Asker: 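One structure, pasted below without further comment.
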Amino acid sequence: MNLEFSYITAIVFASWAVTGSTAGLIPLLLGGLALFSKSVTASLLVLTMLTVISFVVATLDSKKSEHGICKKYYCLRLFGCFTALMGQALLGWEGAPLLILIGLLLTLPNAFLSILFKRHYLSMSSKAYLYSVVLPGLITLNLLFKIKGDVKIDFAQTWDVLLTSMGLGTLLFCAVFAFAYYKTKSLLIFLTQSWLGLGLFLLVPESNAITQIALASLFAFSMTAPKLVMLGKQNSKPFKTLYRVMMIGLPGFLGFSTYYYSIRSIVQLQLAWIVVVMAAYSFQMIALMLNDEREYRPFVPNERGTKMKFELVVAVQLLCAVGFYWLETTGIK
């Protein structure tokens, strides 16, 4: 496998590794290989392996009554992986890049699949969902970024239409779903999928340093923010207040960095798109603020281990945000 080191990728992988759990060790290592790999074929094989592992984890983690819908979901994702691999094998044929694009989009959660397979997502634990749905979704975004140049040569309009409609649709509708389904697990499901929609839309503007930093910030935020919420809700009120302020976009942390760099990237397009992004952001923030008010969740006071884990995630979010700002100012990739 041909690997390439970059500081942006190193920061993303470090955030995943430091905040990750032992249960997610294999998916994290495979995800790191895909991030650092220059080969599209190798990354596609890693994504296929992640999908198979995700199926096993989801089957073991969910109730037996949910296995039917679980099989349907992962059959769809595997079909997308094999379609993309077929397109990669047929490179040289003029329709091959489009085949890869369609295959990858089939592996990515969207607003329609969020409703169709919500029951499956809820049947898993939060950790299992994070490593079997969110992590492979981020690897799919990374693959789309790698093939962007090849697809846009002959299918620029198709790329823009598909990614704009699917990205903005998922961003906005999943944000509304997060507002409507306020319980913690539903909230995390729809928030993370809304962020995946934002990542998809970030692939529409022309690639530049700001777009790369925006995507990297989104990658780090999407894996660390759910842990911040879960750990924050297990602690006392000051911790709950802190995680909500950080998620809303406290300057200096990843939430702020993600939307700051995203908006700077989207400015390359029409300003009207920023209105859609900010509308989705508003629904996400209201959902976060209402979550603790409308749902009782007991916590264990003075739980030292939980507090230390929470503080670790806070430190990681701060250091990542500082790291991305340093990369922007220095121009290092």
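Starting from 1, each residue takes its place in the sequence as its number. Owing to the predicted nature of the structure, the values given are computational and were not obtained by experimental measurement.
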Asker: Of all heavy-atom pairs between Ala42 and Ser37, which one has the smallest distance, and what is that distance?
Answerer: CB-OG, 3.8 Å

Asker: Let me check something: do Phe219 and Val316 share a hydrophobic cluster, defined by ILVMFWY side-chain heavy atoms less than 4.5 Å apart, either directly or through other members?
Answerer: no

Asker: Would you say that more than 12 heavy atoms from the other residues, nucleotides or ligands in this model lie under 6.0 Å from the CE of Met166, or not?
Answerer: yes

Asker: Output, in order, the C-alpha distance, side-chain angles, deciding distance and verdict of side-chain contact (heavy atoms from CB on, under 4.5 Å) for Phe190 and Ser194.
Answerer: CA-CA 6 Å; Phe190 290 122; Ser194 183; over 6 Å; no

Asker: Using only heavy-atom distances, determine whether the side chains of Gln284 and Tyr259 contain a donor-acceptor pair under 3.5 Å.
Answerer: yes

Asker: Side chains of Thr184 and Lys233: does their closest heavy-atom pair fall under 4.5 Å?
Answerer: yes

Asker: If we only count heavy atoms from C-beta on, is the Phe324 to Gln212 side-chain gap below 4.5 Å?
Answerer: no

Asker: Report yes if the side chains of Ile274 and Val267 come closer than 4.5 Å at any heavy-atom pair, otherwise no.
Answerer: yes

Asker: With rounding to the nearest 0.5 angstrom, report the CZ to OG1 distance, Phe177 to Thr170.
Answerer: 9.5 Å

Asker: Looking at every non-hydrogen atom in both residues, tell me the closest pair between Pro136 and Leu47 and how far apart they are.
Answerer: O-CD1, 3.6 Å

Asker: Examine Lys118 relative to Tyr181 and say whether NZ or CZ is less than 6.0 Å from the centre of the six-membered ring and inside a 45° cone about the ring axis.
Answerer: yes

Asker: Would Thr192 and Tyr129 count as having a side-chain donor-acceptor pair, cut-off 3.5 Å?
Answerer: yes

Asker: Of the non-hydrogen atoms in Met124 and Ala58, which two are nearest, and what is the gap between them?
Answerer: SD-CB, 3.7 Å

Asker: Apply side-chain contact (heavy atoms from CB on, under 4.5 Å) to residues Leu254 and Thr224 and explain how you reach the verdict.
Answerer: CA-CA 9 Å; Leu254 270 178; Thr224 59; 3.8 Å; yes

Asker: Is it the case that over 12 heavy atoms from other parts of the model lie below 6.0 angstrom from the CZ atom of Phe173?
Answerer: no

Asker: Is the closest side-chain heavy-atom distance between Leu45 and Leu85 below 4.5 Å?
Answerer: yes

Asker: Hey, any chance Val161 and Leu202 share a hydrophobic cluster, counting ILVMFWY side chains that come within less than 4.5 Å of each other, even indirectly?
Answerer: no

Asker: Just so I know, are the side chains of Leu105 and Leu200 near enough to count as touching, which here means a heavy-atom distance under 4.5 Å?
Answerer: yes

Asker: Using modelled atom types and a 3.5 Å cut-off, is there a donor and acceptor pairing between side-chain atoms of Tyr261 and backbone atoms of Leu218?
Answerer: no

Asker: Using every non-hydrogen atom in the two residues, find where Leu106 and Gly80 come nearest and quote the distance to one decimal.
Answerer: CB-CA, 3.9 Å

Asker: Could you walk me through whether Val52 and Leu78 pass the side-chain contact (heavy atoms from CB on, under 4.5 Å) test, one step at a time?
Answerer: CA-CA 8 Å; Val52 173; Leu78 278 172; 4.0 Å; yes

Asker: Looking just at side-chain N and O atoms, do Ser257 and Ser217 make a donor-acceptor pair shorter than 3.5 Å?
Answerer: no

Asker: Report the distance from atom CG of Leu288 to atom CG of Leu188, rounding to the nearest 0.5 Å.
Answerer: 8.5 Å

Asker: In the single-linkage hydrophobic clustering (I, L, V, M, F, W, Y; side-chain heavy atoms under 4.5 Å), do Tyr7 and Leu3 co-cluster?
Answerer: yes

Asker: Nearest 0.5 Å, what's the CZ-CE distance between Phe13 and Met223?
Answerer: 10.5 Å

Asker: Under 6.0 Å from the CZ atom of Phe117, do we count more than 12 heavy atoms belonging to anything else shown?
Answerer: yes

Asker: Compare every heavy atom of Pro109 with every heavy atom of Tyr121, then report the nearest pair and how far apart it is.
Answerer: OH-CB, 4.2 Å

Asker: Report yes if the side chains of Leu101 and Pro97 come closer than 4.5 Å at any heavy-atom pair, otherwise no.
Answerer: no

Asker: Evaluate whether atom OH of Tyr325 has more than 12 neighbouring non-hydrogen atoms of other residues, nucleotides or ligands under 6.0 angstrom away.
Answerer: no

Asker: About how many Å separate CD1 of Ile189 and CG of Leu122, when rounded to the nearest 0.5 Å?
Answerer: 4.0 Å

Asker: Could you give the distance from CG (Leu144) to CG (Leu162), rounded to the nearest 0.5 Å?
Answerer: 10.5 Å

Asker: Cluster question for you: counting only ILVMFWY and a side-chain heavy-atom cut-off of under 4.5 Å, with indirect links fine, are Val313 and Leu319 together?
Answerer: no

Asker: For the atom pair CE (Met86) and CH2 (Trp93), what is the distance rounded to the nearest 0.5 Å?
Answerer: 10.0 Å

Asker: Find out whether Lys152 and Asp160 are in side-chain contact, i.e. whether some heavy atom of one side chain is under 4.5 Å from a heavy atom of the other.
Answerer: yes

Asker: Are Val18 and Leu35 joined in one hydrophobic group, where the rule is that I, L, V, M, F, W and Y side chains link up if heavy atoms are under 4.5 Å apart?
Answerer: no

Asker: Are any non-hydrogen side-chain atoms of Ile147 and Leu104 less than 4.5 angstrom apart?
Answerer: yes

Asker: Step through the shown structure and confirm whether more than 12 heavy atoms of other residues, nucleotides or ligands are within 6.0 Å of CH2 on Trp159.
Answerer: yes

Asker: CD1 of Ile26: more than 12 outside heavy atoms within 6.0 angstrom?
Answerer: no

Asker: Main chain of Met289, side chain of Arg244: is a donor-acceptor contact present, judged purely on distance under 3.5 Å?
Answerer: yes

Asker: Using every non-hydrogen atom in the two residues, find where Ala225 and Met247 come nearest and quote the distance to one decimal.
Answerer: CB-SD, 3.6 Å

Asker: Between Thr211 and Ser265, do the side chains contain a donor N or O and an acceptor N or O under 3.5 Å apart?
Answerer: yes

Asker: Does the side-chain contact (heavy atoms from CB on, under 4.5 Å) test come out yes or no for Phe310 and Tyr243, once each step is laid out?
Answerer: CA-CA 9 Å; Phe310 179 84; Tyr243 93 73; 3.8 Å; yes

Asker: Would you please say whether a donor-acceptor pair under 3.5 Å links the side chains of Ser6 and Thr9?
Answerer: yes

Asker: Looking at Glu328 and Arg264, is any side-chain nitrogen of the basic one under 4.0 Å from a carboxylate oxygen of the acidic one?
Answerer: yes

Asker: With a sphere of 6.0 Å drawn around NZ of Lys146, does it hold more than 12 non-hydrogen atoms of other residues, nucleotides or ligands?
Answerer: yes

Asker: Name the one of Trp195, Phe253, Trp16 that satisfies ring-ring contact (aromatic ring centres under 6.0 Å, His included) with Phe221?
Answerer: Trp195

